[in-house]
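Order of the sequence lines sets the chain letters (A, B, ...), proteins ahead of strands, with each chain counted from 1.
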Amino acid sequence: MPELPEVETVTQSVKKHLLGNNFDSIQVNWKKTLHNFKISDFNNKIKGRNIENVYRKGKYIVIVFKSVFLCVHLRMTGKLYAANSIEKDKKHISLFLTIGDKYLVFEDVRKFGRFYMFDNLDFLDNKLGIEPLSEGFSENWILNQIKERKRQMKSLLLDQSFICGIGNIYADEALWYAKIHPLSNSSSISKKKILNLRKGIIKVLKESIKRGGTTIRDYTYDFSYVGNYALKLNVFGKEGKKCPRCFSVIIKTKVAQRGTHYCPRCQIKR
DNA sequence: AGTATTCCCTGTTCGC
DNA sequence: TGCGAACAGGGAATAC
Ligand SMILES: [Zn+2]
């Protein structure tokens, strides 16, 4: 469910509750949620330690301690929020942590979400590609990098080791913006379109962050707020509707096993 | 190197 | 209405 704008929104919403505080305990209801550590590791390395910073990296939420990092990936249905109590009628709380008189709750219907503990961020640095909202995501960078790959464009945008943070919604929206067919090969895209793709990626991500992300069904932040970038979508979920640019009917297909929406007139395969 | 398939899970929507 | 299939903002592990 959550992509870069949603993860950024969630990160900022929990940050104010975490900074300068510390976790006293953890209760784990779904054991697989702790991907690479145990409760004893939490007790030894995190419990009682000051939270120095909280930020987003790709689609991960990174909670920084003096000598360890706690990272959270929401995957499809994960929700991370601060609460004053644990509601008994919630069926899908995978885990929660206590922080003073509050709770940091991880609720996750599909149970794909994961917590990671790292001594440093080498693992994520090696796994994740460039941050699309960083200065390094320059015109030269994307021109050089796309030429070196021979990939279906949509698959390439979803590849977190290429550009991190883009997911299914923003891949479709950025490709529509740049008039690129999702199955076009990356080696055959014109320079002009590559530069437009960069602009489109930055535009859709930034505008979505401004609006708190996109809520289709599950995603909320701060317990119950929805993101309203859904109002600004041009192709995602718009199959059967008219392209806002040329009025052709938007098509939905599958690319890289994911639902993919595009305009058959604006986005010609090359 | 790049692509397709399957799996991890539960809930909702769709088609007959 | 019922019931199974298909589908869902992600990603890892396979097999070609
Ligand atoms: Zn169009």
Requested in this report: Using the ring pair (Phe, Tyr, Trp, His ring centres under 6.0 Å) rule, collect all pairs that involve residues 44-79 of chain A, keeping only residues at least two apart or in two chains.
Outcome: A/Y60-A/H73, A/Y60-A/Y116
Query - Sub-4.0 Å heavy-atom contacts from residues 148-159 of chain A onto DNA chain B, ordered by number - result: A/R149, A/K150, A/R151, A/Q152
Report task. Classify the nucleic acid contact of A/E3 as base, sugar-phosphate or nothing, counting any heavy atom under 4.0 Å across all strands shown. Result -> sugar-phosphate
Report summary line: Reading nucleotides 5-16 of chain B from 5' to 3' and marking B where a protein heavy atom lies under 4.0 Å of the base, S where only the sugar-phosphate is that close, and - otherwise, the string is B--BBBS-----
Report summary line: Contacts of A/I251 meeting side-chain contact (heavy atoms from CB on, under 4.5 Å) (sequence neighbours excluded), chain-then-number -> A/T253, A/Y262, A/P264
Query raised in the report: Think A/K254 has a side-chain N or O under 4.0 angstrom from the OP1 or OP2 of B/dA4?
Result: no
Report task. Working to the nearest 0.5 Å, report the span between CD1 of A/I209 and NZ of A/K206. Result -> 8.5 Å
Query raised in the report: For A/Y170, which contact category applies under a 4.0 Å heavy-atom criterion: base, sugar-phosphate, or nothing?
Result: nothing
Requested in this report: Describe the nucleic acid contact of A/T215 in one word from base, sugar-phosphate, nothing, applying a heavy-atom distance below 4.0 Å.
Outcome: base
Report summary line: Taking every heavy atom of A/I51 against every heavy atom of A/I63, the minimum-distance pair comes out as CG2-CG2, 3.8 Å
**Report entry** Paired and unpaired positions of DNA chain C as dot-bracket, Watson-Crick or G-U wobble under 3.5 Å, | denoting a partner strand
**Finding:** .|||||||.|||||||
Query raised in the report: Can you tell me how far CZ of A/R56 sits from CD of A/Q12, rounded to the nearest 0.5 angstrom?
Result: 9.5 Å
Query raised in the report: So what does A/D108 hit on the nucleic acid, given a heavy-atom distance under 4.0 Å: a base, only sugar-phosphate, or nothing?
Result: nothing
Query - Listed partners of A/E173 passing side-chain contact (heavy atoms from CB on, under 4.5 Å), at least two apart - result: A/I169, A/V204, A/L233, A/N234, A/V235, A/F236
Query raised in the report: Between A/K79 and A/D108, is the closest basic N to carboxylate O distance under 4.0 Å?
Result: no
Report task. Take atom P in B/dC9 and the same atom in C/dG4, then report the distance between them in whole Å. Result -> 22 Å
**Report entry** For the student: nearest non-hydrogen atoms of A/I202 and A/P132, plus distance
**Finding:** CG1-O, 3.8 Å
Requested in this report: State plainly whether the residues A/K199 and A/E139 are in salt-bridge range, i.e. N to O under 4.0 Å.
Outcome: no
Query raised in the report: How many Å lie between CG on A/L128 and C1' on C/dG11, as a whole number?
Result: 12 Å
Requested in this report: Between B/dT3 and C/dA8, how far apart are the C1' atoms? Round to whole Å, please.
Outcome: 22 Å
Report task. Could you tell me whether the phosphate oxygens of C/dG11, OP1 or OP2, come under 4.0 Å of any side-chain nitrogen or oxygen in A/K127? Result -> no
Query raised in the report: Is it true that A/R110 and A/D218 have a side-chain N and a carboxylate O under 4.0 angstrom from each other?
Result: no
**Report entry** Euclidean distance, atom CZ of residue A/F162 to atom C1' of C/dG11 [Å, nearest integer]
**Finding:** 18 Å
Query raised in the report: Do the charged groups of A/R211 and A/E207 touch, with an N to O distance under 4.0 Å?
Result: no
